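Since the structure comes first, as C-alpha cells, the remarks are kept for the end.
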Number of protein chains: 2
Amino acid sequence: MKAKNILLKYNLSITTGRLNILEIFLNNEMALSEKDIQDKLIGVCDRATIYRTLKKFKDTGIVHPIATEGMITKYVLKKEPEEHLHFKCTDCGKIMCLPEVQMKNYELPSGFTKKESNFLVIGTCNNCNN
Amino acid sequence: MKAKNILLKYNLSITTGRLNILEIFLNNEMALSEKDIQDKLIGVCDRATIYRTLKKFKDTGIVHPIATEGMITKYVLKKEPEEHLHFKCTDCGKIMCLPEVQMKNYELPSGFTKKESNFLVIGTCNNCNN
DNA sequence: ATTATTTTTGCAACAATGTCGCATTTTATA
DNA sequence: TATAAAATGCGACATTGTTGCAAAAATAAT
Ligand SMILES: [Mn+2]
Ligand SMILES: [Mn+2]
Ligand SMILES: [Zn+2]
Ligand SMILES: [Zn+2]
C-alpha cells in the first residue's frame with residue numbers, strides 16, 4: 001500500500017503502471033534509468049509510459065535525477081537532507097545516494113545564486129572494495 | 001602556438017582538426033558539447049572526428065566532462081585544483097568551472113574510496129543575476 | 001451504478017547523441 | 001623520400017529522449 005499512498009499524497013491518479021514503477025523504486029537502493037525499469041517491466045509497461053511516468057515523478061518531486069557524466073539519466077526516490085552526496089562505483093556501475101555524508105558549507109562567488117546541487121563522487125563502493 | 005604545444009605535451013599527433021578544436025576550448029570559458037563545437041566547425045571537421053577528438057582529449061586528460069542531468073556531455077579544459085565546483089545557469093544555460101570555490105573536506109562511509117568527483121551547483125549565474 | 005469527463009497508455013515515428021567499421025588521407029618515422 | 005602508424009570522412013546503426021494520436025483506464029458527476 002506504500003506506493004499507492006505516495007501517489008495519493010502527490011495527487012496522481014492510481015494506475016498499475018505507476019504503482020509498478022514506484023514499487024521498483026521502493027525495492028531498490030540504487031539509482032535507476034528508464035532502461036533499468038524497462039527490463040523489469042517487459043510486456044507490462046510501454047517505454048513511453050515509463051518515460052512519462054519518470055518525468056511526472058520528477059516534476060512532482062517523488063524522485064530526483066542524478067547527474068552523471070554519461071548520457072543516461074538515473075533516478076532515485078528523494079531523500080533528506082536535500083543536498084547530499086551521490087556515489088558512482090566504477091566497478092559495479094551502481095549509483096546511489098549517500099545522504100549520511102555531511103556536506104560542509106561552501107561559498108559561491110558573488111552574483112551566483114543556488115537553486116539546487118548535484119554532488120557526485122566516483123570511485124569504488126563498499127561492496128566492490130573488499 | 002598554445003594549442004600545438006598542448007598536443008605535443010600530451011603526445012598527440014598534430015592535425016588541423018585537433019588544433020581547431022583545442023583553439024575553441026582555449027577561447028571559451030564555458031563547457032562545450034560536441035554539438036557546440038560542430039556549429040563552430042561546419043564544413044571543417046566531421047562529426048565523428050569531433051567525437052573521437054573529444055574522447056581522446058578526455059582520455060589524455062586535456063579536457064574533462066562535466067556531469068549534468070541532461071543527456072548531453074559537455075567538456076572543459078582541465079583546471080586546478082582537481083576537485084572543484086561546476087555551475088549550471090538555468091537562465092542562460094551555460095555551464096562553467098568555479099575553481100576558486102574552496103570545497104571543504106568530507107568523509108565517505110567506510111569501505112568507499114574516491115577516484116574523482118563531480119560537483120555541480122545549479123542556479124543563476126552572476127551575469128544573469130542583475 | 002451509470003455516464004460523462006479527464007488522464008493515461010500503447011504504438012508509431014522522429015530527432016539527437018553516441019559509437020564503429022572501413023577505405024582514404026594525413027602525420028609521424030625510418 | 002619511402003614506409004608504417006594514426007586520424008579522418010562517410011555511412012550506418014543503437015540508444016535515449018520526445019511527441020501526436022486514438023484507444024483504454026481512471027476519476028468525477030449524475
Ligand atoms: Mn540523492
Ligand atoms: Mn571543471
Ligand atoms: Zn560497486
Ligand atoms: Zn546565466
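Order of the sequence lines sets the chain letters (A, B, ...), proteins ahead of strands, with each chain counted from 1. It should be emphasised that the depicted structure is a prediction, and the values quoted were computed from it without experimental measurement.
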5' priority, DNA chain C, between B/Thr16 and B/Tyr51 [closest heavy atom]:
B/Tyr51
Select one nucleotide: of D/dA6, C/dT17, D/dT18, the one nearest the side-chain heavy atoms of A/Arg47.
D/dT18
Within this structure, what is the CD-to-P distance between A/Glu34 and D/dA14, rounded to whole angstrom?
18 Å
Reckon B/Thr73 has a side-chain N or O less than 4.0 Å from the OP1 or OP2 of C/dG18?
yes
I want to verify a distance call: between C/dT8, C/dC20, D/dA7, whose nearest atom is closest to the B/Ser13 side chain?
D/dA7
Would you mind telling me which of C/dT19, D/dA7, C/dT8 lies closest to the side-chain atoms of A/Thr15?
C/dT8
Return the value, rounded to whole Å, for the distance between atom CG of B/Leu19 and atom P of C/dT26.
15 Å
Using the benzene-type ring in the case of Trp, are the ring centres of A/Phe57 and A/Tyr75 under 6.0 Å apart?
no
Between B/Phe87 and A/Phe112, what is the ring plane arrangement, given parallel below 30°, perpendicular above 60°, and tilted in between?
perpendicular
Separation of C/dA16 atom P from B/Lys74 atom NZ, nearest Å, is 15 Å
How do A/Arg52 and A/Leu12 order along DNA chain D: which one's closest nucleotide is nearer the 5' end?
A/Arg52
Nearest-angstrom distance from the residue atom CG of A/Leu7 to C1' of D/dA25
15 Å
Nucleotide nearest A/Ile14 (side chain, heavy atoms from C-beta), chosen from D/dG9, D/dT27, C/dT27
D/dT27
Please state how far atom NZ in B/Lys4 lies from atom C1' in C/dT27, giving the value in whole angstrom units.
12 Å
Please walk me through it: do A/Lys115 and B/Thr90 pass side chain to side chain donor-acceptor pair (under 3.5 Å)?
CA-CA 9 Å; A/Lys115 287 198 186 101; B/Thr90 53; 2.4 Å; yes
Can you tell me how far P of C/dT17 sits from NZ of B/Lys55, to the nearest Å?
18 Å
Roughly, in whole Å, what's the span from CG in A/Asn20 to P in C/dT8?
16 Å
What nucleotide, of D/dT18, C/dC11, C/dC20, holds the atom closest to the side chain of B/Ala48?
C/dC20
For A/Asn129 and B/Thr113: C-alpha separation, side-chain torsions, deciding distance, then whether side chain to side chain donor-acceptor pair (under 3.5 Å) applies.
CA-CA 8 Å; A/Asn129 230 348; B/Thr113 49; 3.0 Å; yes
As a test of reading the structure: which of C/dC20, C/dC11, C/dT17 is closest to the side chain of B/Lys35, going by heavy atoms?
C/dT17
Check whether more than 12 heavy atoms from other residues, nucleotides or ligands sit under 6.0 Å from atom NZ of B/Lys104, and answer yes or no.
yes
Calculate the interatomic distance between B/Asp46 atom CG and C/dT26 atom P; express it in whole Å.
14 Å
Is any side-chain nitrogen or oxygen of A/Thr49 closer than 4.0 Å to OP1 or OP2 of C/dT8?
no
